[in-house]
Amino acid sequence: METQSSSERPGMESNFQLKLREELTLLINRTLTQNLTTADIRFDRSPEEVSGDLAFGCFPLAKLARRAPNQIAAQLAAQTDCALLPGVTAVSASGGYLNLTLDLSSWLPDTIDFLLSCEQPEKGSLPPRKVVIEYSSPNTNKPQHLGHVRNNVLGQAVANLLSAAGDEVIRVNLINDRGIHICKSMLTWIKLGEGETPETTGEKGDHLVGRYYVRFETEIKLERKRFFAAAGIDPQQLAADELVKREQDFLAQSSWQQEAEELLLRWEAGDKELLDIWRTMNSWVLAGFDQTYSRYGITFDRTYFESETYLSGRNEIESALQAGLVQRREDGSIWISLAEEELEDKLLQRSNGTSVYITQDVGTALQRYEDYHFDRLIYVVGNEQRYHFRVLIAILRQLGHTWADNLEHLAYGMVNLPEGKLKSREGTAVDADDLLQAVKQAARQVMEASNRRHDFSEQEADQVAEALGLGAIKYYLLRVSANQDLQYDPERSVDLNGTTGPYLQYAYSRMTSLLRKSAFNHQPQMTFELDSAIEKELLLKLLEYAGVVQLAAQQRNPSRLAQYLYELARIFNRFWHDLPVLKAESSDIREQRLALTAACQRILQRGLHLLGIPTPEKI
RNA sequence: GCGCCUGUAGCUCAACUGGACAGAGCAACGGCCUUCUAAGCCGUAGGCUGAAGGUUCGAGUCCUUCCAGGCGUACCA
């Protein structure tokens, strides 16, 4: 059950914003004898055709007062004395909305002071909650690809948003470093690796190990082909259930499969020689991951390893068995009944005594609760695991952990290419490192083709290209709301025009350029006489910032912020185009426009950083 | 079969959780650089929101039934 309505978490506000909401609340309560609170007052932008800037929708009031919304709006408009509302020069009713016209020059001083001096303008009014958020969660058998990049970038951004909105955030990674898939790359390296190491090949460790994982898949595919050929069967001709049976037959006699399974048994038995190899290969992969994370700006406060947490899952199941909460079947396997949750029974331990995926997640969750006593635990995991997390939460609840209701699966959609799906097993996925390299190259080419001349050193040019590449990739992934599948078009992501990271970074560098050239220094309480429509658009957009961050945090949806920042940048670009700043008609106007620019710059910088996008000063 | 998710402009995506005439970008077409960075700005064109019913003062959004796609439904992770 939702306990909060969406509009009840405003961010910090300037004095004028706060005052306006208070006065409007009083006004409504007086004229309609309601008892609204300021939290009930939310503004939309007035549409172009209507005279006004901010619109207050009277629809919720219509139910309380049992009158039509446009009647209520009309009455409010008729009985409103503008003098009581700060900086409001006119009110009008239209289509059930009360439209307020703001006086730009009275709003600006207060707004600019607030935006430039408030330490954390995104902060919400509720007490902070302790939130543990898990993202990335890679397997140590292959390098990270585009799907992981979406996860990493999304997780990082949501963590940043929650933190900015005022929560205490603990960012955790979970390394899946054990299991049959790990054994596959190990096996292939042992058999065919001839002692290769990242040092001898000069390759990144995760790429090296990943090569052996792909190799395993190609080898077993060949073996499968031979198996079916020898039996004189064309698998394509088989009915579905027959095919499943034949595949099982194949795996049962496949030497690659058998050897991998033997390796897993040896690993679980603690075979010392094997554990050494396992540790060595994992360390290669982890070193590779560290490089990737660091380049992408992905950080964690704590890293969990499944090889360390899966045992606590086993223990939990053991004690649940004693307590009669789970049942052992005749073949020795252990199950939990989830009939109360209207879910299928779930296996918790195999008949051969080894643990399954969900057992590890039970253990990890328990350990995290012990470590942090969180108010909320968010899992950033692909939406193909929706069912898995429903089951996980149900299990924890059945085992008597009331905090199970504080777990939350932040499911995000798959990343597809225009040609179709990514397939990491076949090694056709878009590799995270290669991707950044390619997009960076493209950015570099655009920089060099441009007729702008900067005295960039080679090193500076490289840094700017890297920043633009990151901006391009991250914005591309974050502008789509999380639960949607997204289509990744490599060519489009390299295109720096349109709703892209580089567009925003470019706008930022323009703002910075103006401020640098003018050596602007903000004086509080300055007076404003600006009055153009475009300047007012900027003011109105700036006023939305804190609310947008609050909403994005609450919905765990950075795309809201991504969208907003694009709108802000677009209005700024229009402002830049239409109005002179450094060469303004008077030095007063110049200072005022610079102050407005400074506010935009700070908001755009903070917003982009929440999305994990770097903001180079010059492009 | 059952469950979950998704269908919005030619393409990629928005739409503050039920509110004003459904908005952007790309692609197309037409304008704007001797002027603070043209990676920019302005304009034109593009829609029966998959279909049909229903609830409501009001539906892209909620309900029902279809249609299409994706993902689950493992003693895989």
Side-chain angles (χ1 to χ4, degrees), chain A residues 2 5-7 42 44 46-50 55 57-60 62 68-70 94-97 99 137 139 141 176 178-182 306 329 331-335 342-344 347-352 354-358 360-361 382-388 390 411 413-414 416 418 421 443 446-447 449-454 468 476 479-481 483-489 492 495-500 502-503 505-507 509-510 513-514 517-518 544 547-548 551-552 555 559-560 562-564 566-567 570 573-574 576-584 590 593 597 618-619:
Chain A
E2 282 298 316
S5 83
S6 63
S7 57
R42 210 192 70 209
D44 295 314
S46 298
E48 267 179 56
E49 319 75 55
V50 161
C58 300
F59 306 102
N70 46 8
S94 156
Y97 286 87
N99 288 286
S137 322
N139 297 345
N141 62 338
N176 189 325
R178 61 167 296 279
I180 186 76
H181 51 298
I182 308 298
E306 284 198 354
R329 291 189 181 170
D331 61 4
S333 60
I334 300 178
W335 295 73
E342 296 183 345
L343 295 168
E344 300 288 306
L347 174 85
L348 297 175
Q349 199 173 102
R350 298 191 185 99
S351 49
N352 71 2
T354 58
S355 56
V356 293
Y357 182 54
I358 204 152
Q360 305 174 7
D361 274 347
N383 62 16
E384 72 277 6
Q385 296 202 39
R386 277 199 151 101
Y387 184 74
H388 172 78
R390 270 187 72 194
M414 296 200 320
N416 297 313
K421 294 181 190 178
V446 177
M447 284 167 68
S450 143
N451 50 14
R452 289 192 303 279
R453 292 271 177 271
H454 281 308
L468 292 172
Y476 198 97
R479 35 177 266 278
V480 179
S481 51
N483 72 324
Q484 291 278 2
D485 285 357
L486 85 75
Q487 190 179 116
Y488 183 80
D489 183 335
R492 284 266 320 265
D495 186 350
L496 311 180
N497 288 312
T499 53
T500 68
Y503 176 90
Q505 290 168 311
Y506 180 52
S509 77
R510 284 176 144 185
S513 162
L514 285 181
K517 286 185 178 166
S518 66
E544 293 175 22
V548 168
L551 191 67
Q555 296 183 158
S559 79
R560 298 219 89 112
Q563 179 86 12
Y564 166 84
Y566 171 76
E567 290 158 5
R570 192 164 60 127
N573 274 334
R574 197 140 35 104
W576 164 288
H577 181 265
D578 290 354
L579 298 172
V581 177
L582 296 179
K583 295 171 186 168
R590 177 187 136 111
R593 291 197 178 134
T597 301
K618 291 187 199 174
I619 288 182

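Residue numbers begin at 1 in each chain, while the letters A, B, ... track the order of the sequences.
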So, OP1 or OP2 of B:rC76: does either fall under 4.0 Å of a side-chain N or O from A:R350? yes
Against the side chain of A:K517, the closest entry in B:rC41, B:rA77, B:rC36 is B:rC36
Just checking A:Q385: base, sugar-phosphate only, or nothing, at a heavy-atom cut-off of under 4.0 Å? base
Tell me which nucleotide among B:rA14, B:rC16, B:rU12 gets nearest to the side chain of A:R42. B:rC16
Can you check whether any acceptor in the base of B:rU37 is under 3.5 Å from a donor in the side chain of A:S509, or vice versa? yes
Using a 5.5 Å cut-off between ring centres and planes within 30 degrees, is A:Y97 stacked on the base of B:rA20? yes
Touch class at under 4.0 angstrom, heavy-atom based, for A:N176 against every strand present: sugar-phosphate
So what does A:V480 hit on the nucleic acid, given a heavy-atom distance under 4.0 Å: a base, only sugar-phosphate, or nothing? sugar-phosphate
Which nucleotide, B:rC26, B:rG70, B:rA14, lies nearest any side-chain atom of A:D485? B:rG70
Touch check for A:L486, heavy atoms < 4.0 angstrom, all strands: base, sugar-phosphate only, or nothing? sugar-phosphate
Which is true for A:A507 with a 4.0 Å heavy-atom rule: it touches a base, it touches only sugar-phosphate, or it touches nothing? nothing
Say you draw a straight line from CD1 of A:I182 to CD of A:E306; how long is it, rounded to the nearest 0.5 Å? 9.0 Å
Just compare B:rG70, B:rG72, B:rC13 and give me whichever is closest to any side-chain atom of A:Y387. B:rG72
Determine the Euclidean distance between corresponding C1' atoms of B:rC13 and B:rG7; express it in Å to zero decimal places. 13 Å
Determine whether any donor atom in the side chain of A:N99 lies under 3.5 Å from an acceptor atom in the base of B:rA20, or the reverse, and answer yes or no. yes
Among B:rA77, B:rA20, B:rG72, the nucleotide that comes nearest once only the side chain of A:Y357 is considered: B:rA77
B:rC11 to B:rA51 separation - C1' atoms, rounded to the nearest Å: 23 Å
Return the nucleotide paired to B:rA28: Watson-Crick means purine N1 to pyrimidine N3 with N6-O4 or O6-N4, wobble means G-U with N1-O2 and O6-N3, both under 3.5 Å. B:rU44
Determine the interatomic distance between P on B:rC66 and the same-named atom on B:rA24; round to the nearest Å. 38 Å
Using a 4.0 Å heavy-atom cut-off across all strands, classify A:S559 as base, sugar-phosphate, or nothing. nothing
A:Y566 vs A:Y503 aromatic rings, parallel, tilted or perpendicular, using cut-offs 30° and 60°? tilted
Is there a Watson-Crick or G-U wobble partner for B:rU73 with both distances under 3.5 Å, and which nucleotide is it? B:rG1
When rounded to the nearest Å, what value does the distance between P atoms of B:rG50 and B:rA59 take? 15 Å
Residue matched to B:rG7 through Watson-Crick or wobble contacts both under 3.5 angstrom: B:rC67
When you measure from the side chain of A:R510, which nucleotide among B:rC36, B:rG40, B:rA77 comes out closest? B:rG40
Answer with base, sugar-phosphate or nothing: what part of the nucleic acid does A:E49 contact at a heavy-atom distance below 4.0 Å? base
Which is true for A:F59 with a 4.0 Å heavy-atom rule: it touches a base, it touches only sugar-phosphate, or it touches nothing? base
Strictly below 4.0 Å: does A:N383 bring a side-chain N or O up to OP1 or OP2 of B:rG72? no
Pairing nucleotide - B:rU37, Watson-Crick or G-U, each distance under 3.5 Å: none
Would the number of heavy atoms belonging to other residues, nucleotides or ligands and lying under 6.0 Å from CD of A:E384 be above 12? yes
Which base, if any, makes a Watson-Crick or G-U wobble pair with B:rG23, both distances under 3.5 Å? B:rC13
Which of these nucleotides, B:rC41, B:rC76, B:rC36, is closest to any side-chain atom of A:I180? B:rC76
Checking contacts here: which listed nucleotide (B:rU35, B:rG40, B:rA20) is nearest the side-chain heavy atoms of A:K583? B:rU35
Give one of base, sugar-phosphate or nothing for A:R386, where a contact means two heavy atoms less than 4.0 Å apart. sugar-phosphate
Base, sugar-phosphate alone, or nothing: which one does A:P502 contact when heavy atoms must sit under 4.0 Å apart? nothing
Please pick, from B:rC36, B:rU6, B:rA20, the nucleotide with the shortest atom-to-atom distance to any side-chain atom of A:W576. B:rC36
Selection from B:rC41, B:rC26, B:rA77 that lies nearest to any side-chain heavy atom of A:R492: B:rC26
Distance between C1' atoms of B:rU55 and B:rU65 (Å, rounded): 15 Å
Have a look at A:G95 and say if it touches a base, only the backbone sugar-phosphate, or nothing, with a 4.0 Å heavy-atom cut-off. nothing
